[in-house]
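See structure below.
Remember, it's 1-based here, ligands and their atoms both numbered in the order they're listed. Both backbone and side-chain heavy atoms feed into the values below; hydrogens, waters and symmetry mates do not.
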Amino acid sequence: MIKKTSIYSHPLVHRLMDPGVEKEKRDDDKKVVAEIMARCFVPSLITTTSWEGFHFVGHEIRITEAMDCYGAVVWPSALVLCYFLETNVKHYNMVDKNVIEIGAGTGLVSIVASLLGAHVTATDLPELLGNLQYNISRNTKMKCKHLPQVKELSWGIALDENFPRSSNNFDYILAADVVYAHPFLEELLITFDHLCKETTIILWVMKFRLEKENKFIDRFKELFDLEEIYNFPSLNIKLYKAVKKSQRSA
Ligand SMILES: C[S@@+](CC[C@H](N)C(=O)[O-])C[C@H]1O[C@@H](n2cnc3c(N)ncnc32)[C@H](O)[C@@H]1O
């Protein structure tokens with residue numbers, strides 16, 4: 001038995017919504033946000049394992065969560081990115097594309113990109129990889145054209161050894177909610193830069209919480225051309241597309 005939830009009853013969204021946003025702005029994005037959250041369900045029976053369910057790309061995806069760290073729950077930015085990938089296949093076709101996700105957390109975005117046909121490498125800190133691998137295997141085995149890989153990527157650390165520039169050939173870099181009050185923002189920027197080639201497209205969903213985030217955007221714009229694609233004022237979430245500044249305009 002499953003129970004559908006609305007976005008506004010989703011505990012994470014409820015916690016993160018900004019009460020200061022004007023009603024008109026909230027109403028503008030309410031429809032899309034409601035569509036996104038209609039993809040979520042939770043077990044109606046209390047079970048020993050904690051998981052959340054999602055419907056994307058015609059599949060039921062079950063994500064096991066652990067409440068003990070940032071990467072162990074699905075954040076609303078991840079839902080926004082999954083929805084975007086699923087509903088924009090014409091412009092952002094994932095079939096046979098080389099995709100890397102940074103800060104993959106529970107793996108939902110990587111799973112959706114894999115179900116859409118991409119060749120995915122899902123990355124995060126070492127302590128997250130067990131749960132990430134579990135969710136990815138459980139939801140992609142026998143369902144995907146290319147079996148996704150799970151790999152450690154601690155921002156700014158051993159990039160040349162683990163992801164040599166010469167062999168990086170990513171069509172897309174995906175990132176959901178990787179900018180917040182952590183001390184590795186400069187390392188995050190270095191990582192984006194390291195993984196990104198001239199032809200790579202970054203699809204990045206950002207939840208704005210503090211002034212720090214605006215500063216990061218300014219730093220990011222020094223290296224990348226940034227385009228806002230989606231804006232959900234009621235959630236303080238924006239989806240960006242970015243490409244590396246060409247040598248001439250840098
Ligand atoms: C807010 S969570 C978002 C998780 C997932 N993308 C989502 O939206 O559900 C931030 C993610 O960044 C990862 N992270 C934080 N600091 C990191 C670092 N220094 N190197 C690599 N990943 C890091 C966390 O482990 C976590 O998975």
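Between Phe216 and Trp204, the angle of the ring planes goes over 60°, which puts this pair in the perpendicular group of the 30/60° scheme.
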Exercise answer: donor-acceptor pairs, residues 148-157 side-chain atoms, under 3.5 Å, sequence neighbours excluded:
unit_1: Gln149; atom_1: NE2; unit_2: Leu147; atom_2: O; d: 3.4
unit_1: Lys151; atom_1: NZ; unit_2: Asn162; atom_2: O; d: 3.0
unit_1: Glu152; atom_1: OE2; unit_2: Ser154; atom_2: OG; d: 3.4

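Ionic pairing of Asp177 and Arg209 is present here: one or more N-O contacts between side-chain nitrogen and carboxylate oxygen are shorter than 4.0 angstrom. Comment: Arg39 engages Glu86 in a salt bridge, judged by a side-chain N to carboxylate O separation of less than 4.0 angstrom. Note on Glu186 versus Arg219: salt bridge recorded, some NZ/NE/NH1/NH2 to OD/OE distance being below 4.0 Å.
If you number the atoms of ligand 1 from 1 as listed, the ones under 4.0 Å from a heavy atom of Leu128 come out as 25 (O). Residue Leu153 has at least one heavy-atom neighbour below 4.0 Å for each of these atoms of ligand 1: 20 (N), 21 (C). Every atom of ligand 1 with a heavy atom of Val74 under 4.0 Å away is listed here by number and element: 9 (O).
At a 4.0 Å heavy-atom cut-off, ligand 1 touches Val73 through the backbone alone. Neither the backbone nor the side chain of Ser77 has any atom closer than 4.0 Å to an atom of ligand 1 (non-hydrogen atoms only). Using a 4.0 Å cut-off between heavy atoms, Trp155 contacts ligand 1 through both its backbone and its side chain.
Evaluated by nearest non-hydrogen atom to atom 5 (C) of ligand 1, the leading choice among Pro76, Gly103, Ser110 is Gly103.
Partners of Val243 by side chain to side chain contact (heavy atoms under 4.5 Å, CB included), not counting sequence neighbours, listed by chain and number: Ile201, Asp225.
For a threshold of 3.5 Å applied to N or O pairs, the pair formed by His182 and ligand 1 contains no separation below that value.
A cation-pi arrangement is absent between Lys238 and Tyr230 under the rule of less than 6.0 angstrom and at most 45 degrees off the ring axis.
Taking 4.0 Å as the cut-off, Ser154 counts as a neighbour of ligand 1 on heavy-atom distance. Ligand 1 has no atom lying under 4.0 Å from any heavy atom of Leu188. Between Thr106 and ligand 1 there is no heavy-atom distance shorter than 4.0 Å.
Across Asp124 and Ala104, no two heavy atoms sit closer than the pair OD2-N, 3.1 Å.
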